Amino acid sequence: MEPEIFLTDDGSLSLRSARFGDAYHSTHGAIQESRHIYLEAGLMPLLEHDPPATLHVLELGFGTGLNALLTREVARRFPTVDFTYTTYERYPVDPRQAKRLNYADELQLPTELFRELHESEWGRGVRLDPNFVLHKVEGDFLEAQPGLSADVIYYDAFAPETQPELWTEEAMVGCAAALREGGVLVTYCAQGQFKRNLRGAGFRVEALAGPSGKREITRAYHVDLA
């Protein structure tokens, strides 16, 4: 059941899940897709003008660890911001297979920055840098329903056709509960029913231009319905 490794158009590698028959990233480019959706649309607007003292990222789907690596690299550029990165993953990638992925090389980063993400212990917070704590949870986000007061959610589950239970209104209610008021959720999915589910859960929804090969992505803000 090991995932298949494949080359994407921007030179970065990705995986295709044998369990779900779905790719972890776009064939048009793993790195360019992750940067566009999760950093440029989600993380960086929180840092650009008045960086906060602390910033909590919640990710659904640790997968290859690419989003975590890109976020860790950003954290190194903002040493006054204390980052916590919490990620839920039911089916972790084998660290031995993760070593074959070329993200550190493509990003011109030290290899250990990526390796440490996969080799860090699950189930507790691990401080990998002075201002970056990684907390990997091997389990189901829907069952956990964490009250985390996250600033941003990277919603990077497999597609609604593959994991429909993760894109329902109930799932989005769980995301709203995990976000602070005004917090933001970003995802590659732009499906109409998914957007209606977000609105039903109390989100204000925006359609943004997508990365190469994708017309549109979704950004949604948690608003107080009380």
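Only a predicted model underlies this, so the values are computations on that prediction, with no experimental measurement involved.
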- Task: Applying side chain to side chain contact (heavy atoms under 4.5 Å, CB included), run through L107 and L69 and close with a yes or a no.
- Result: CA-CA 10 Å; L107 295 166; L69 177 64; 3.7 Å; yes
- side-chain hydrogen bond (donor to acceptor under 3.5 Å, both in side chains) assessment of T86 paired with H56: CA-CA 8 Å; T86 303; H56 193 167; 2.9 Å; yes
- Task: Please assess N67 against S34 for the test side-chain hydrogen bond (donor to acceptor under 3.5 Å, both in side chains), listing each intermediate value before the final yes or no.
- Result: CA-CA 6 Å; N67 293 337; S34 288; 3.0 Å; yes
- Query: Going through the checks in order, is the side chain to side chain contact (heavy atoms under 4.5 Å, CB included) test met by R199 and N197?
  - Reply: CA-CA 5 Å; R199 293 187 183 99; N197 293 341; over 6 Å; no
- Query: Yes or no on side chain to side chain contact (heavy atoms under 4.5 Å, CB included) for L15 and L101, after CA distance, side-chain angles and deciding distance?
  - Reply: CA-CA 9 Å; L15 300 175; L101 300 173; 4.1 Å; yes
- Task: Before giving the answer on side chain to side chain contact (heavy atoms under 4.5 Å, CB included), spell out for V57 and D151 the whole-Å C-alpha distance, their side-chain angles and the decisive distance to 0.1 Å.
- Result: CA-CA 6 Å; V57 178; D151 296 289; over 6 Å; no
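Among residues two or more places apart in sequence or in another chain, the side chain to side chain contact (heavy atoms under 4.5 Å, CB included) test is passed with A159 by D22, E161, T162, Y188. Taking Y91 as the reference, F20 meet the ring-ring contact (aromatic ring centres under 6.0 Å, His included) condition, with sequence neighbours excluded. With sequence neighbours left out, P211 forms a side chain to side chain contact (heavy atoms under 4.5 Å, CB included) with Q32, E33, H36, I37, K214, I217. Partners of R215 according to the salt bridge (Lys or Arg N to Asp or Glu O under 4.0 Å) rule, which considers only residues two or more places apart in sequence or in another chain, do not exist here. Taking P130 as the reference, nothing meets the side chain to side chain contact (heavy atoms under 4.5 Å, CB included) condition, with sequence neighbours excluded. Residues passing the ring-ring contact (aromatic ring centres under 6.0 Å, His included) test with F114 are Y103, H118, sequence neighbours excluded. For P51, the side chain to side chain contact (heavy atoms under 4.5 Å, CB included) partners are L47, F78, V81, not counting sequence neighbours. For R77, the salt bridge (Lys or Arg N to Asp or Glu O under 4.0 Å) criterion is met by E73, not counting sequence neighbours.
L66 CG to Y24 OH: the interatomic distance, rounded to the nearest 0.5 Å, is 13.0 Å. Between the CG atom of L166 and the SG atom of C189 there is a distance of 11.5 Å, given to the nearest 0.5 Å. Distance check, rounded to the nearest 0.5 Å: CG of L43 to CG of L55 gives 6.0 Å. Note that CD of Q193 and OG1 of T168 are 10.0 Å apart. Values are rounded to the nearest 0.5 Å. Distance CD/E106 to CD/Q108: 9.0 Å, rounded to 0.5 Å. In this structure, the separation between OG on S14 and CD1 on I31 is 10.5 Å, given to the nearest 0.5 Å.
Contact between K195 and A207 at its shortest, heavy atoms only, is NZ-CB, 3.9 Å. Between G182 and Y221, the shortest heavy-atom distance links the atoms O-CD2, 3.9 Å. Residues K136 and S120 share a closest heavy-atom pair of NZ-O, 2.9 Å. Pairing each heavy atom of F203 with each of M172, the nearest pair is CE1-O, 3.5 Å. Residue A157 comes nearest to W167 through the heavy atom pair O-CZ2, 3.7 Å, listed as atom of the first residue, atom of the second, then distance. Closest non-hydrogen pair, V152 versus L179, comes out as N-CD2, 4.0 Å.
One side chain, Y154 or T71, offers a donor N or O that lies under 3.5 Å from an acceptor on the other. No side-chain N or O of H135 forms a donor-acceptor pair with one of T87 less than 3.5 Å apart.
With contacts defined as side-chain heavy-atom distances shorter than 4.5 Å, the pair I5/R100 qualifies. With contacts defined as side-chain heavy-atom distances shorter than 4.5 Å, the pair L134/L117 qualifies. A 4.5 Å side-chain heavy-atom check between I153 and V184 finds every atom pair outside the cut-off. Residues E165 and L142 meet the side-chain proximity criterion, which asks for heavy atoms closer than 4.5 Å. Side-chain contact check for L39 versus V74: some heavy-atom pair is nearer than 4.5 Å. Taking 4.5 Å as the limit, some side-chain heavy atom of T27 sits within range of a side-chain heavy atom of F6. Considering only heavy atoms from C-beta on, P92 comes within 4.5 Å of W122 through its side chain. Proximity of M44 to L46: side-chain heavy atoms (C-beta onward) are nowhere separated by under 4.5 Å.
Within the structure, salt bridge (Lys or Arg N to Asp or Glu O under 4.0 Å) contacts touching residues 5-18 (residues at least two apart or in different chains) are E4-R16. Judged as a salt bridge (Lys or Arg N to Asp or Glu O under 4.0 Å), the pairs with a partner in residues 81-90 (not counting sequence neighbours) are, in order, D82-R127, R90-D140. Screening residues 48-66 for salt bridge (Lys or Arg N to Asp or Glu O under 4.0 Å), with sequence neighbours left out, gives no hits. Here salt bridge (Lys or Arg N to Asp or Glu O under 4.0 Å) pairs that include residues 202-212, with residues two or more places apart or in two chains, are R204-E206, E206-R219.
A distance-only check finds no donor-acceptor pair linking the side chain of S149 to the backbone of R180 [under 3.5 Å]. Looking at S26, its side chain never comes within 3.5 Å of a backbone N or O of A30 through a donor-acceptor pair. With hydrogens and angles ignored, the 3.5 Å screen pairs a side-chain donor or acceptor of N102 with a backbone N or O of L13.
Using cut-offs of 30° and 60° on the angle between ring planes, the pair F132 and Y85 is tilted. In this structure, Y88 and F141 have perpendicular ring planes: the angle between them is above 60°, well past the 30° mark.
E116 and R72 are joined by a salt bridge, as a carboxylate oxygen and a charged side-chain nitrogen come within less than 4.0 angstrom of each other.
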